[in-house]
Amino acid sequence: MISAYPQLAAASEFVKPEPVYEVGELFEQSIQLSYLLLLLGLLGVGTFYVIRQVLVRRELDLSAKELQEQVRSGDASATELFELGAVMLRRKFYPAANKFLLQAIQKWDGDDQDLAQVYNALGVSYVREDKLDKGIAQFEMAVKIQPGYVTAWNNLGDAYEKKKELPLALKAFEEVLLFDPNNKVARPRRDALKDRVKLYKGVVAVKSKKR
């Protein structure tokens, strides 16, 4: 049967694709909007990070200024010297950090458990200057004063590993796990060092046989 409205039927054939075109266009626009929102989000996170860093730096500068005034006046306590050394450490002024932390140790009259934190901070400062032997000595003193000080044990293990003394590094990380079995820093480092120490011992054994 021939349609009585041939022009209407033909027109409907051309109208049908339009909804598909509109859906595709909306989909494309939604993708562009998603990219825009993602970009704005990344910019927002980046801006927040920069502002936060500026505020932290400003806070450190103010703290350092106040503490340095105390030191110049000659009234700085051992705790204030420790705090100034810690601020200098965070600001990456390592020689200044070493100076104030050593003064704090010499003047210390507080609890020995807290003194361990001063030795640990001094060890970190030395290691960051690549003075590994001095850093190791401070970490060893820290754990001698406070045997359960897992942060100092972790730092000691890291310093020994940097010095390529793998068995001693392994021992330090194992000490951490005695006090904190689920320590997220020490466990993977201990496991990795076990394999490296076995390999190292195997190489040494082979060299000994050749001699």
Side-chain angles (χ1 to χ4, degrees), residues 56 59-194 196-197 200:
V56 168
E59 183 181 349
L60 289 174
D61 290 342
L62 290 172
S63 298
K65 185 178 179 181
E66 291 174 3
L67 290 166
Q68 282 175 320
E69 288 174 0
Q70 286 289 103
V71 171
R72 290 193 194 99
S73 70
D75 296 330
S77 65
T79 301
E80 287 170 333
L81 287 166
F82 170 44
E83 289 174 356
L84 181 55
V87 168
M88 291 300 175
L89 179 57
R90 290 186 65 187
R91 294 175 70 188
K92 300 181 181 180
F93 296 160
Y94 303 125
N98 299 341
K99 173 186 173 182
F100 294 121
L101 291 170
L102 283 169
Q103 288 178 5
I105 290 170
Q106 292 168 1
K107 199 173 181 179
W108 197 262
D109 57 357
D111 187 70
D112 284 348
Q113 302 298 312
D114 294 331
L115 179 58
Q117 296 183 36
V118 188
Y119 277 109
N120 180 67
L122 182 57
V124 170
S125 186
Y126 280 138
V127 167
R128 289 181 181 176
E129 288 186 301
D130 292 325
K131 298 176 180 177
L132 294 178
D133 288 331
K134 284 189 173 183
I136 286 169
Q138 308 312 311
F139 297 138
E140 287 181 338
M141 183 60 72
V143 297
K144 182 179 179 180
I145 295 171
Q146 188 178 345
Y149 193 3
V150 296
T151 300
W153 279 115
N154 272 327
N155 288 335
L156 181 59
D158 183 66
Y160 272 130
E161 188 173 1
K162 282 184 170 69
K163 201 181 174 187
K164 308 300 182 185
E165 296 190 19
L166 304 185
L168 291 174
L170 176 60
K171 183 180 178 182
F173 289 123
E174 286 178 337
E175 286 290 335
V176 175
L177 296 172
L178 288 176
F179 296 103
D180 182 9
N182 297 316
N183 190 277
K184 293 181 180 179
V185 175
R187 183 168 290 281
R189 300 285 291 276
R190 188 277 310 267
D191 293 343
L193 278 168
K194 272 187 173 180
R196 292 176 65 188
V197 168
Y200 172 76

After noting the C-alpha distance and the side-chain angles of Leu156 and Ile136, does the key distance pass the side-chain contact (heavy atoms from CB on, under 4.5 Å) rule? CA-CA 6 Å; Leu156 181 59; Ile136 286 169; 3.8 Å; yes
With Leu89, which of Leu122, Val124, Leu84 fulfils side chain to side chain contact (heavy atoms under 4.5 Å, CB included)? Val124
Scan Val176, Leu177, Leu178 and name whichever one has a side chain to side chain contact (heavy atoms under 4.5 Å, CB included) with Val150. Val176
Pair Lys194 + Glu174, salt bridge at N-O below 4.0 Å: no
State whether Lys162 and Asp158 are salt-bridged, where the test is any N-O pair (Lys NZ or Arg NE/NH1/NH2 against Asp/Glu carboxylate O) under 4.0 Å. yes
Side-chain touch [X]/[Y], heavy atoms, less than 4.5 angstrom:
{"X": "Glu83", "Y": "Val87", "value": "no"}
{"X": "Phe139", "Y": "Val143", "value": "no"}
{"X": "Leu115", "Y": "Ile105", "value": "yes"}
{"X": "Met88", "Y": "Pro95", "value": "no"}
{"X": "Phe82", "Y": "Gln117", "value": "yes"}
{"X": "Phe179", "Y": "Trp153", "value": "yes"}
{"X": "Val127", "Y": "Asn155", "value": "no"}

Specify the closest pair of heavy atoms between Ala142 and Ala116, including all atoms of both residues, with the distance to one decimal. CB-O, 3.5 Å
Start with the C-alpha gap between Trp108 and Asp114, add the side-chain angles, then the distance that decides, and say whether side-chain contact (heavy atoms from CB on, under 4.5 Å) holds. CA-CA 10 Å; Trp108 197 262; Asp114 294 331; 3.6 Å; yes
Please report the C-alpha distance between Asp133 and Lys163 in whole Å, then the side-chain angles of each, then the deciding distance to 0.1 Å, and finally whether the side-chain contact (heavy atoms from CB on, under 4.5 Å) criterion is met. CA-CA 9 Å; Asp133 288 331; Lys163 201 181 174 187; 2.5 Å; yes
Show the numbers, then the answer: is there a side-chain contact (heavy atoms from CB on, under 4.5 Å) between Phe173 and Glu161? CA-CA 10 Å; Phe173 289 123; Glu161 188 173 1; 4.1 Å; yes
To the nearest 0.5 angstrom, please state how far the NZ atom of Lys164 sits from the CG atom of Leu132. 10.5 Å
Quick one: CD on Glu80 to NZ on Lys107, what's the gap to the nearest 0.5 Å? 8.5 Å
Gln146 versus Asn120, side-chain donor and acceptor atoms under 3.5 Å: no
